[in-house]
Undergrad: 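One structure is given below, represented as structure tokens, and several questions about it will come after.
Note that the structure is predicted; figures quoted are calculated from it, not measured.
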Amino acid sequence: MPTRLVHLVADANDPARLARFWAGLLGWEIADETPGDGIPAEVDVWPAGYTYPDPVAVPMVFVPVPEQKTGKNRVHLDLASTSAAHQAELVSRARNLGGGPVDIGQGDVPWVVMADPEGNEFCVLEPRDIYRGTGPVAAILTDCGDPAALARFWAGAAGWEITRAEDEIVGLRSPDGVGPYLEFLRVPGEKLVKNRVHPDVAPYRGDDPAGEVARLRDAGAALADVGQADDVSWTVLADPEGNEFC
């Protein structure tokens, strides 16, 4: 069986602060805090009553790192709104929680580009029919050079189906028809630094992790070194455009 998308991981200088921001913005809860050995704790955020793993939502995991954010993230969240008033309320909520607007060259667009307290960009979308029923997160979006090719790889890595295919953007969603989309947007420029936000995938219970790593490598992934210890229980890979995932 393929692997499945189980988390979205964000590097954080202050994981607890970012977890509070995103829990408050999405209406989720802080699910777990893993104490660190002299470093800030790793913090997980997901919807109230959530049963892990379930494609109805992709939990967020904030992990402590010393490095500051540099440059625009290649992976970001798009948030869904149900009306103009709801979009405005989300923008106001983000501001009250410590976020703010940011200019990435978007020009005059109907969505609002914002950043969380550590500068991670996200978009508060105007109401769109395609995202009705996704929950608060409309899509996890990745900048890339070849949306179609990268979507084909991630269909196997995430276990999701391609549901939208255009020249500039390709989208996947869980075959259960629930939760956010995973989207790949054509953007000029190559990946230069380690992504500050990355997905985690996992095999189904009873499947062989090493076999799944081999399958993903056969599909175009490569082993990646992001400074992880030799004894970690997961494998760090990079997709065909160099985007890290575990």
Undergrad: Ala202: what forms a side-chain contact (heavy atoms from CB on, under 4.5 Å) with it, not counting sequence neighbours?
TA: Val6
Undergrad: Looking at Asp143, is its backbone amide N or carbonyl O close enough to the side chain of Arg74 to form a donor-acceptor pair, meaning the two atoms are under 3.5 Å apart?
TA: yes
Undergrad: Is Pro15 close to Val43 at the side-chain level, that is, under 4.5 Å between some pair of heavy atoms?
TA: yes
Undergrad: Go through Trp22 and Phe122 one step at a time and tell me if the side-chain contact (heavy atoms from CB on, under 4.5 Å) criterion holds.
TA: CA-CA 11 Å; Trp22 282 100; Phe122 63 96; 3.7 Å; yes
Undergrad: With sequence neighbours left out, what residues match Glu168 under salt bridge (charged side-chain N to carboxylate O under 4.0 Å, His left out)?
TA: Arg186
Undergrad: Walk me through whether Met114 and Val91 qualify under side-chain contact (heavy atoms from CB on, under 4.5 Å).
TA: CA-CA 8 Å; Met114 305 193 75; Val91 171; 4.0 Å; yes
Undergrad: Which Ile, Leu, Val, Met, Phe, Trp or Tyr residues join Val61 in one cluster when any pair of side-chain heavy atoms under 4.5 Å counts as a link?
TA: Val9, Val63
Undergrad: Determine whether Glu42 and Asp44 make a side-chain contact, defined as any pair of heavy atoms from C-beta on separated by less than 4.5 Å.
TA: yes
Undergrad: When you measure from the side chain of Glu121 to the backbone N and O of Asn73, does any donor-acceptor pair fall under 3.5 Å?
TA: yes
Undergrad: Is there a path from Leu26 to Tyr50 through hydrophobic residues (I, L, V, M, F, W, Y) whose side chains come within less than 4.5 Å of each other?
TA: no
Undergrad: How long is the span from the CG atom in Leu25 to the CG atom in Asp116, to the nearest 0.5 Å?
TA: 9.5 Å
Undergrad: Tell me whether Val75 is reachable from Val137 by hopping between hydrophobic residues (I, L, V, M, F, W, Y) whose side-chain heavy atoms are closer than 4.5 Å.
TA: yes
Undergrad: Rounded to the nearest 0.5 Å, how far does CG of Leu5 lie from CD1 of Ile140?
TA: 5.5 Å
Undergrad: Of all heavy-atom pairs between Ala84 and Pro127, which one has the smallest distance, and what is that distance?
TA: N-CG, 4.0 Å
Undergrad: Within 45 degrees of the axis of the six-membered ring of Tyr204 and under 6.0 Å from its centre: does Arg4 put its NZ or CZ there?
TA: yes
Undergrad: Under 3.5 Å, is there a donor-acceptor pair between the side chain of Glu67 and the main chain of Val65?
TA: no
Undergrad: Are Val197 and Leu8 packed together at the side-chain level, in the sense that at least one heavy-atom pair is separated by less than 4.5 angstrom?
TA: yes
Undergrad: What closest approach, in Å, do Ala151 and Val170 show between heavy atoms, and which atom pair accounts for it?
TA: CB-CG1, 3.4 Å
Undergrad: Group every Ile, Leu, Val, Met, Phe, Trp and Tyr by side-chain heavy-atom contacts under 4.5 Å, then state whether Tyr131 and Trp160 land in the same group.
TA: no
Undergrad: Output all residues satisfying side-chain contact (heavy atoms from CB on, under 4.5 Å) with Thr235, sequence neighbours left out; order by chain, then residue number.
TA: Val213, Leu223, Leu237
Undergrad: Salt-bridged, Arg132 to Asp129, with N to O below 4.0 Å?
TA: yes
Undergrad: Give me the atom names and distance for the closest heavy-atom approach of Phe184 to Leu172.
TA: CE1-CD1, 3.7 Å
Undergrad: For Asp167 and Pro147, work out which heavy atoms get closest and say how close.
TA: O-CG, 4.1 Å
Undergrad: Decide side-chain contact (heavy atoms from CB on, under 4.5 Å) for Asp11 and Lys69; before the verdict, give the C-alpha distance in whole Å, the side-chain angles of both, and the deciding distance to 0.1 Å.
TA: CA-CA 9 Å; Asp11 293 348; Lys69 178 180 181 291; over 6 Å; no
Undergrad: Got a donor-acceptor contact below 3.5 angstrom from the Ser174 side chain to the Pro55 backbone?
TA: no
Undergrad: Under a 4.5 Å cut-off applied to non-hydrogen side-chain atoms, are Pro180 and Val58 in contact?
TA: yes
Undergrad: Looking at Pro240 and Phe153, what are the two nearest heavy atoms and their distance?
TA: CD-CG, 3.6 Å
Undergrad: Do Leu77 and Trp46 land in one hydrophobic cluster if side-chain heavy atoms of ILVMFWY residues count as linked below 4.5 Å?
TA: no
Undergrad: I'd like to know if Glu212 and Arg217 make a salt bridge, using a cut-off of under 4.0 Å between side-chain N and carboxylate O.
TA: no
Undergrad: Could you tell me whether a side-chain N or O of Asp14 sits under 3.5 Å from a main-chain N or O of Arg17, the two making a donor and an acceptor?
TA: yes
Undergrad: Could you tell me if the side chain of Glu166 sits less than 4.5 Å from the side chain of Ile169, heavy atoms only?
TA: yes
Undergrad: Report the residues that fulfil side-chain hydrogen bond (donor to acceptor under 3.5 Å, both in side chains) with Asp239, sequence neighbours left out, ordered by chain and then residue number.
TA: Trp154, Asn243
Undergrad: Out of curiosity, Arg215 CZ to Asp208 CG, how far, rounded to the nearest 0.5 Å?
TA: 11.5 Å
Undergrad: Of all residues at least two apart in sequence or in a different chain, which pass the side-chain hydrogen bond (donor to acceptor under 3.5 Å, both in side chains) check with Thr82?
TA: His86
Undergrad: Just to verify, what does Arg196 make a salt bridge (charged side-chain N to carboxylate O under 4.0 Å, His left out) with, not counting sequence neighbours?
TA: Glu118
Undergrad: Using 0.5 Å steps for rounding, measure from the CG atom of Asp176 to the CD atom of Glu161.
TA: 9.0 Å
Undergrad: Taking Asp78 for the side chain and Val124 for the main chain, is one N or O donor matched with an acceptor at less than 3.5 Å?
TA: no
Undergrad: Nearest 0.5 Å please: distance from the OG1 atom of Thr142 over to the CG atom of Leu185.
TA: 9.5 Å
Undergrad: What residues, two or more places apart in sequence or in another chain, satisfy side-chain hydrogen bond (donor to acceptor under 3.5 Å, both in side chains) together with Tyr52?
TA: His7
Undergrad: For residues Phe62 and Leu18, report the shortest heavy-atom separation together with the two atoms involved.
TA: CD2-CB, 3.8 Å
Undergrad: Mind checking side-chain contact (heavy atoms from CB on, under 4.5 Å) for Ala214 and listing every partner two or more places apart, or none if nothing turns up?
TA: none
Undergrad: Can you list every pair that meets salt bridge (Lys or Arg N to Asp or Glu O under 4.0 Å) and has a residue in residues 90-106, with sequence neighbours left out?
TA: Glu89-Arg93
Undergrad: Using the rule that two of Ile, Leu, Val, Met, Phe, Trp, Tyr join whenever any of their side-chain heavy atoms come within less than 4.5 Å, decide whether Met60 and Leu141 are in one cluster.
TA: no
Undergrad: In the structure I gave you, are the side-chain heavy atoms of Trp234 and Pro209 within less than 4.5 Å of one another anywhere?
TA: no
Undergrad: How would you list, by chain and number, every residue that makes a side-chain contact (heavy atoms from CB on, under 4.5 Å) with Trp111, sequence neighbours excluded?
TA: Val109, Val113, Cys123, Leu125, Glu126, Arg128
Undergrad: Could you work out, with side-chain hydrogen bond (donor to acceptor under 3.5 Å, both in side chains) as the rule, every residue matching Asp231, not counting sequence neighbours?
TA: none
